[in-house]
Amino acid sequence: MSNQIRPYKVAVTEEAISTLRSKLQAATLPDEVEFSDDWDQGTPRSEIARLAKHWADGFDWRAQEAEINRLPQFMTTVELDGFGQIDMHSVHQKSEKKGSIPLLFSHGWPGSFLEVGKIIPLLTRNADGLSFDVVAPSLPNFGFSGGSRQRGFGIAQYAEAMHKVMLSLGYNKYVTQGGDWGFKVTRFMGIQYPNHCLASHLNMILASEPDMVKHPKEYAQYNSVQQTATEKQFAERTAWFMQEGLGYNILQSTKPSTIGFALADSPVALLAWIYEKLHDWTDNYPWTDDEILTWVSIYQFSTAGPAANARIYYDIQNSAARPFSDQVLEYNDKVLLGLSYFPKDIHLPPLAWGKTLGPVVFEGVHESGGHFAAHERPDELAKDLRSMFGAQGGAASVAARFAGTKG
Amino acid sequence: MRRDASAVRRSDVSFVVNPKQPTDKVEMATEQRYNVAVPDEKIQELRDKLSTATFPDELVGAAWDYGSPLTDIKRLAKYWETGFDWRAQEERLNALPNYHRSIQIDEFPALDIHYLHQVSDTPDAIPLFFCHGWPGSYIEVTKMLKGLKESHNGVSFTVVAPSLPNFAWSEGVKVKGFGLKQYAETCHQLMKSLGYDKYVSQGGDWGFYITRAMGLLHPEAVMASHINMIRASAPTWTSHPYLALKHTFTPYSDRERKGMERSKWFMDEGQGYRLLQCTKPQTLGFSLHDSPIGLLAWLLEKLHDWTDNYPWTDDEVLTWVSIYYFSTAGPAASLRIYYESIHHTQNGISRDRTQQWIPKVKLGLCHSPKEITVVPSTWARTLGPVVYEDFKGKGGHFAAHEVPDEIVGDLRKMFGKDGPCYKITEPHAKL
């Protein structure tokens, strides 16, 4: 198995940058009407007009690229059963301390490996004898990883690719952190590789209502205890998302290729498609224009192209794929779990539901923060992880397994 | 009222009087001809965008499952850029009886509404309102125009087929709150302004919802409706005891079983566009406006998935899509009906309400096997007093375009001699 690890630096071609610029300069926007700037109906026209202009004239991709390249990155080729080879791009920051816990950070959509940027120093530094080696790949079809042109590249393949990145870096055992697609992918890693994936921390919790027979304790808890004020808030937020925010999800789960044409052809379309989520899914996060455009540029300049990433929805969540991928909602007793709830996330079940996923050894309910927890609330998320794996934490036993290793 | 002067050439106002109509029906209808005239710059803009289009990668072995395939879009885009002759299509469109007029409804600014108006000059003509949907347009009535004008079975039809507000050559709505009620009132006002106090309707897709809402709002005017997309729920014991009984004890026919599979397919695989357009039309609007291949892919998928192996020609497809691209309000505006119909329901005029019993308006049903929702007959009969029902051997969502003779035939049977709605628009009509 050839999995040579080579150092990598993001280096978008001049051609890609100038193509982007000329498309932006030629872009046309829908007519202005009274409600063009109403966030309820989607990304505001004036925001797109402003951002598109900045993206064409002022935004300095090379400067952002240099900033990104301060993160230590690698490329490794992994072989996937039945799907051939795929080049996996990854950030890899080791702690100075030997025997640190290897942590796989999995981004989601419309995020990227960049989401790990703020928490890397918080996790890799040695505090109270606890530190992590952080690995943050681009998922297949995202960022600077290769893509797959085969249909049916499903949850098992995403999990396999991420797992093999860890193996190729010498981490036979590891823990994971993830939200959005990071939830499903790391949960499936726990199913497929329980001897390797020892513990998982999750920040977007998908869980089913406790079944009376399968989860009697949680069923009793859920049905006998009054809904707390927090859980009421959770329910309102979730209801809002299901009613007003699910369109992109159902579309990409059924017809990703159809929307793919606009996303590949029009940067303005891509910008609107992604920026809407950066606004709606966060807790008043003060996005700068450069931040927004860097996030969107990663999609614009991605190796597999802007149309490929939507296919993760189809291949994992299409009605044909659900019976297989919904295993991630079932109890897995082999992987210790940490759950963190941020009130402006998009799906927030009652706390009892999360306990149907597996042995929950850490639970954190936060007062603020949204979907992109690592980017919005890096301190809180890092604290949650340190709590979970620290000496008094529920996953201390897992941390101890790495303490003696050479790192 | 903002209008792009270069896109509209109006001939002088002309007076049209139909001498064969009984005098208590005729009005001095001042009608202004409409001429489709897309500016050269707009056509050039389209060609420029197509010539610099960036295509996504090819997914192997996906056919149409993941959405519009790359090979089809690439081929059509190339032809659209280099071969497709919009001016020739425009000339054909201008051979139709195009008009436009200002329609104003309560609490909203006046809108310039484009419509086809084909007057039948036989003495047995009755007024027929044809309502298109999405991603269709007024041109869906085209193949039926000749047949509807001729007298058969003791009836012919005078046809009014508008472009809905926000579509094709009608003006776009610039204010919030223009929901299903407003679309229905606009259409009704159009008929009234043309002197048609009583009329019948034909429609599917939004044409279903709008003509049904018209029947709810104006039962004094909408005498009967023929619908080719049937949205209905199973009869309940409390609301339709007889139908519920029939539903419980009659096994589903082969047609009905196949229909439910088709409906399930649509529920499982076909909801994305609607949910997105109902919630974030503005986000999607940037895609459809800036990227012609984005627009082409968005619409082509429906033209393929929603029809019964209809042999679309490239010219047909591109004419349909070009109407969206060149539309007065732009393609993003056409999505707003979805958002507004969900978020602004007034006086109980909602999509859901139109899928329940509406009294008085006589109903004719066309069940097409490849429609996107195919319901059992007992379900369909919960919609209202059904006086005509036919089960087609072929045809899909765009019935008037796919099987025009079938729809014309339905209308002749429904409204002709010995039909359940003979002379229905006459004041003393008996049923």
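It should be emphasised that the depicted structure is a prediction, and the values quoted were computed from it without experimental measurement. Naming convention: chains lettered A, B, ... in sequence-line order (proteins, then strands); numbering from 1 in each chain.
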Which bit of [X] comes within less than 4.5 Å of chain A, counting heavy atoms only: side chain, backbone, both or neither?
X	value
B:Arg336	side chain
B:Leu70	both
B:Glu58	backbone
B:Ala332	side chain
B:Gln277	neither

message: Using only atom types and a distance under 3.5 Å, with no angle test, would you say the side chain of B:Asp205 pairs donor to acceptor with the backbone of B:Trp134?
response: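 Side chain of B:Asp205 to backbone of B:Trp134, a donor-acceptor pair under 3.5 Å: yes, one is there.
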- prompt: Is a donor on one side and an acceptor on the other found under 3.5 Å between the side chain of B:Ser170 and the backbone of B:His114?
  reply: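 Between the backbone of B:His114 and the side chain of B:Ser170 there is a qualifying donor-acceptor contact (under 3.5 Å).
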Contact winner vs chain A - [options], heavy-atom pairs under 4.5 Å:
options	result
B:Leu276, B:Asp290, B:Ile342	B:Asp290
B:Ala53, B:Gly67, B:Pro56	B:Pro56
B:Asp268, B:Val173, B:Thr279	B:Thr279
B:Gly330, B:Gly270, B:Gly61, B:Pro69	B:Gly61
B:Gly172, B:Pro281, B:Ala62, B:Cys278	B:Pro281
B:Leu275, B:Ile73, B:Asp48, B:Asp65	B:Asp65

query: Taking the six-membered ring of B:Tyr66 as reference, does the NZ or CZ atom of A:Lys255 fall below 6.0 Å from its centre and within a 45° cone about the axis?
result: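 Relative to the ring axis of B:Tyr66, which defines the angle, A:Lys255 lies outside at least one limit.
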Aromatic B:Tyr325 / basic B:Lys49 pairing, under 6.0 angstrom, 45° off normal: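 No.
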- prompt: What residue, out of A:Ser36, A:Ala26, A:Ala307, has the most heavy-atom pairs lying under 4.5 Å from chain B?
  reply: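 Looking at each option in turn, the highest pair count goes to A:Ser36.
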First locate atom [atom1] of [X], then atom [atom2] of [Y], and finally report the distance between them rounded to the nearest 0.5 Å.
X	Y	atom1	atom2	result
A:Ile259	A:Tyr248	CD1	OH	14.0 Å
B:Arg231	B:Asp352	CZ	CG	11.0 Å
A:Gln300	A:Leu263	CD	CG	10.0 Å

query: What's the shortest heavy-atom distance between B:Pro165 and B:Leu111, and which atoms?
result: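 Closest approach of B:Pro165 to B:Leu111: CB-CD1, 3.8 Å.
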Check whether [X] gets within reach of chain B through its side chain, its backbone, both or neither, counting any heavy atom under 4.5 Å.
X	value
A:Gln252	neither
A:Asn318	side chain
A:Tyr314	side chain
A:Ala304	backbone

Proximal to chain B - members of residues 41-53 of chain A, heavy-atom separation under 4.5 Å: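 Contacts with chain B: A:Gln41, A:Gly42, A:Thr43, A:Pro44, A:Arg45, A:Ile48.
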field: Reference residue A:Pro306; test side chain to side chain contact (heavy atoms under 4.5 Å, CB included); the match among A:Leu270, A:Val296, A:Ile298, A:Ile274
entry: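 Only one option passes, and that is A:Leu270.
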field: Any side-chain heavy-atom pair of B:Trp298 and A:Phe261 under 4.5 Å
entry: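 Side chain of B:Trp298 against side chain of A:Phe261, heavy atoms only: no contact under 4.5 Å found.
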message: Which label fits B:Tyr273 and B:Phe266: parallel for a plane angle under 30°, tilted from 30 to 60°, or perpendicular past 60°?
response: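 B:Tyr273 vs B:Phe266 ring planes: tilted.
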- prompt: Would you say the ring centroid of A:Trp287 lies under 6.0 angstrom from that of A:Trp295?
  reply: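 Yes, the ring of A:Trp287 comes within the 6.0 Å limit of the ring of A:Trp295, centre to centre.
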message: Ring centres under 6.0 Å, that's the criterion: do B:Phe398 and B:Tyr310 meet it?
response: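 When the ring centroids of B:Phe398 and B:Tyr310 are compared, they turn out to be at least 6.0 Å apart.
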task: Quick one: which residue pairs count as a salt bridge (Lys or Arg N to Asp or Glu O under 4.0 Å) with a foot in residues 266-284 of chain A, not counting sequence neighbours?
output: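 Listed once each, the pairs are A:Asp280-B:Lys280.
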